[in-house]
Visitor: 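One structure follows; several queries about it will come next.
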Amino acid sequence: MLDVALLRDHPDDVRRLLERRAIADVDLDELIVLDEERRRVRAKAEHLRSEQKTLGSQVPDLEGKARDEAIGRASQLASDVKQGLADADELDDRFQAIWVPLPNRVHDEVPDGKTEEDNLELKKVGEPPVFDFEAKDHLELAEATGIIDVERGAKVSGSRFAYLQGRAVLMEFALVRWAFDRLSAEGFIPVVPPVLVREQALFGTGFFPSDSDQVYEVAADDLFLVGTSEVALAAMHGDEIFSSDELPVRYAGFSTCFRREAGAAGKDTRGIFRVHQFDKVEMFSFCDPDRSWEEHEFILAREEALVQELGLPYRVVDVCVGDLGASAARKYDIEAWFPSQERYREITSCSNTTDYQARRLKVRFKDEAGNNHLVHTLNGTAVAVGRLLVAIMENFQQSDGTVRVPDALVPYAGFESF
RNA sequence: GGAGAGGUGGCCGAGCGGACGAAGGCGCUCGCCUGCUAAGCGAGUAGGGGGUGUUAAACCUCCUCGAGGGUUCAAAUCCCUCCCUCUCCGCCA
């Protein structure tokens, strides 16, 4: 959610935002008038309530006729106040219905564009592997060794579900453990958060209302399955106030992630590249607003360090405005090379959501002077297990159809190929 | 799932129609005192909305005692709904 002060003090900034985000259905001038109106009506009602309270507090000291008169007048005031506040609430609702869904402000350097095709490549590291044999895709490799079973996944749960077996499972836990080791060394606290959350957590992180069609709902209990542990990590400190000297607070959360992939029909249907359920280690940071852009680079650097240690060829892209989520002010994706697709595809993503989530979740910190401010929140993928397994398999495959384990993972996996 | 108890400020805890945004204690901050430490003394110490005003403030006002409704001139206190926590039983990894 945006700061309402922005609308009042810098309406042109809001206008620019609407243009950049290509939002055409919001009438800014009307919104400004609505904001003024709701404040005026509320101030009036509150003034009446002030009178009512003053009068009411005098009642116990009065007797007889004076008392009856006071109660009579206070009674009238009480009903006026009630009506006034109801009017103000209604105006608030109308205002919030427009204001709250507005997406976050966008960093000036974010490239223009509509789709991921318009993302700007910032750097390219490593070279795509050259094979002196017929390279296979991850599913061929995995089915040959029996470590991924999508057919039974489909039989039991439907399309985009799979079984991991044997060394694929050990690779998963090797990846996770390795990532936790690296991130712990950088001050990230390992967390296993809940994967079922209340609506408030999804709203607070900006996934609701805009992306609600991507979320699985457990209707009987009014809970939702998270698509990323970011949701539970961000909401963890909702309604809390940090002291400034404890920032940044950094977490590395491991969770299973659930995504409906609505609208992705026919896209990435082969293997486990895009599935409804996968495991992920996610970095999350609560930090001082003055250094959130520095923190953003820091998180990207952690992602790069991990990908580099594995030895995957990759590139970094600056995600264009049209491909940016509602809450992100800027987002970098790391895309690894996928030989079977002959292109770079997303394996990590890190966003600075500035104060957008913090405002909805009410996560603040107290500065030295004792004043409270919103923190900035950031998130970034450390290890998206399924997709990283695919990348490793395809890039490290050998002529005999097995896969070489990246050196960094060998001590964690306990074997050198699978 | 069944039975019971309870949710008050950073924490503990009192209050059970008006004098309560809330006694008392702990913690914390600042000051005083004590030639160390400890103790003692004094002051301060919740969050949010709106307004006037500077943008460093300052002031006024409203809301918040789990959440939301209701009764009343007046609600932490009474009523309703929901949420959460704890204990015992059942079930269970």
Visitor: Is the distance between the ring centroids of Phe338(A) and His138(A) under 6.0 Å?
Guide: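 No - the distance between ring centres of His138(A) and Phe338(A) does not fall below the 6.0 Å cut-off.
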Visitor: Using the ring of Tyr332(A) (Phe, Tyr or Trp, six-membered ring only), decide whether Arg330(A) places NZ or CZ under 6.0 Å from its centre and within 45 degrees of its axis.
Guide: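 Arg330(A) over Tyr332(A) ring: no.
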Visitor: In the structure shown, which nucleotide is the Watson-Crick or G-U wobble counterpart of C65(B), with both distances under 3.5 Å?
Guide: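 The base-pairing partner of C65(B), which may sit in any strand shown, does not exist here.
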Visitor: Measure the CG-CG distance between Asn379(A) and Leu233(A) for me, rounded to the nearest 0.5 Å.
Guide: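 Reported value, rounded in 0.5 Å steps: 9.5 Å.
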Visitor: Identify the nucleotide, in any strand shown, that forms a Watson-Crick or G-U wobble pair with C11(B), with both distances under 3.5 Å; if there is none, say none.
Guide: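 Across any shown strand, C11(B) pairs with G25(B).
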Visitor: For the NZ atom of Lys82(A) and the CG atom of Leu48(A), what is their distance to the nearest 0.5 Å?
Guide: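 One finds 15.0 Å between NZ of Lys82(A) and CG of Leu48(A).
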Visitor: I need a per-nucleotide contact map over nucleotides 47-64 of chain B, read 5' to 3'. Cutoff is protein heavy atoms under 4.0 Å; write B for the base, S for backbone only, - otherwise.
Guide: SSBSS-----S---SSS-
Visitor: Does Arg177(A) make a cation-pi contact with Tyr412(A) (under 6.0 Å, within 45 degrees of the axis)?
Guide: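 Arg177(A) over Tyr412(A) ring: no.
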Visitor: Does any nucleotide pair with G42(B) by Watson-Crick or G-U wobble geometry, both distances under 3.5 Å, and what is it?
Guide: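 The answer is C30(B), by the H-bond criterion.
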Visitor: Write down the partner of G17(B) under the Watson-Crick or G-U wobble criteria, each distance required to be under 3.5 Å.
Guide: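 Partner of G17(B): none found under 3.5 Å.
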Visitor: Between Ser57(A) and Ala70(A), name the one whose nearest nucleotide on RNA chain B is closer to the 5' end.
Guide: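 The residue whose closest nucleotide sits nearer the 5' end is Ser57(A).
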Visitor: Just how far, in rounded Å, is P of A74(B) from CZ of Arg73(A)?
Guide: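 Rounding to the nearest Å, CZ of Arg73(A) and P of A74(B) are 15 Å apart.
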Visitor: Before accepting this row, confirm whether a basic side-chain N of the pair Asp29(A)/Arg15(A) lies closer than 4.0 Å to the acidic partner's carboxylate O.
Guide: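 Yes, this pair counts.
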Visitor: Between C73(B) atom C1' and Arg67(A) atom CZ, what is the distance in whole Å?
Guide: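 The distance from CZ of Arg67(A) to C1' of C73(B) comes to 9 Å, rounded to the nearest Å.
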Visitor: Sticking with atom C1', work out how far C60(B) lies from U54(B), rounded to a whole angstrom.
Guide: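 It comes out at 15 Å once rounded to the nearest Å.
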Visitor: Among Phe242(A), Phe188(A), Phe365(A), exactly one meets ring-ring contact (aromatic ring centres under 6.0 Å, His included) together with Phe286(A). Which residue is that?
Guide: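 Looking at Phe242(A), Phe188(A), Phe365(A), the match for Phe286(A) under the ring-ring contact (aromatic ring centres under 6.0 Å, His included) is Phe242(A).
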Visitor: Could you measure between the two P atoms, the one in A76(B) and the one in C62(B), and give it in whole Å?
Guide: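 Each nucleotide's P atom is 14 Å from the other's.
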Visitor: Given atom CD of Gln200(A) and atom P of G68(B), what is their separation to the nearest angstrom?
Guide: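 In whole Å, G68(B) P and Gln200(A) CD are 12 Å from each other.
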Visitor: Roughly how far apart, to the nearest Å, are C65(B) and G53(B) at atom P?
Guide: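 After rounding to an integer number of Å, I get 32 Å for this pair.
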Visitor: Determine, for Phe203(A) and Arg360(A), whether the Lys NZ or Arg CZ falls below 6.0 Å from the six-membered ring centre while staying within 45 degrees of the axis.
Guide: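 So Arg360(A) does make the cation-pi contact.
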Visitor: Return the nucleotide paired to G1(B): Watson-Crick means purine N1 to pyrimidine N3 with N6-O4 or O6-N4, wobble means G-U with N1-O2 and O6-N3, both under 3.5 Å.
Guide: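 Answer to the pairing question: C89(B), which forms a Watson-Crick or G-U pair with G1(B).
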Visitor: Sort out the partner of A58(B) for me: Watson-Crick or G-U wobble, both distances under 3.5 Å, none otherwise.
Guide: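 Here A58(B) is engaged in a pair, and the nucleotide opposite it is U52(B).
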Visitor: Taking C82(B) as the reference, what is the distance to A3(B) when you measure between their P atoms (whole Å, please)?
Guide: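 Here A3(B) and C82(B) have their P atoms 15 Å from each other.
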Visitor: Under 3.5 Å for both donor-acceptor distances, Watson-Crick or wobble: does G6(B) have a partner, and if so which one?
Guide: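 Pairing partner, where one exists within any strand: C84(B).
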Visitor: Between C80(B) and G1(B), how far apart are the two C1' atoms, rounded to whole Å?
Guide: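 Comparing C1' positions in C80(B) and G1(B) gives a spacing of 25 Å.
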Visitor: Of the candidate nucleotides C83(B), G18(B), G70(B), which contains the atom at the shortest distance from the side chain of Arg198(A)?
Guide: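 So the nucleotide nearest the side chain must be C83(B).
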Visitor: What interatomic distance, in whole Å, is found between P of G6(B) and the corresponding atom of A93(B)?
Guide: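 Looking at atom P only, A93(B) and G6(B) are 34 Å apart.
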Visitor: Taking only side-chain nitrogens and oxygens of Gln52(A), does any of them come within less than 4.0 Å of OP1 or OP2 of A74(B)?
Guide: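 So the side chain of Gln52(A) is within the cut-off, an N or O lying under 4.0 Å from OP1 or OP2 of A74(B).
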Visitor: Say we look at G68(B) and U77(B): how far apart would their P atoms be, to the nearest angstrom?
Guide: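 My reading of the P atoms in G68(B) and U77(B) gives 13 Å.
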Visitor: Could you check which nucleotide pairs with U77(B) in any of the strands shown, counting Watson-Crick or G-U wobble with both distances under 3.5 Å?
Guide: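 Partner of U77(B): none.
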Visitor: Considering only the P atoms, how many Å lie between G17(B) and C30(B), rounded to the nearest integer?
Guide: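 Each nucleotide's P atom is 42 Å from the other's.
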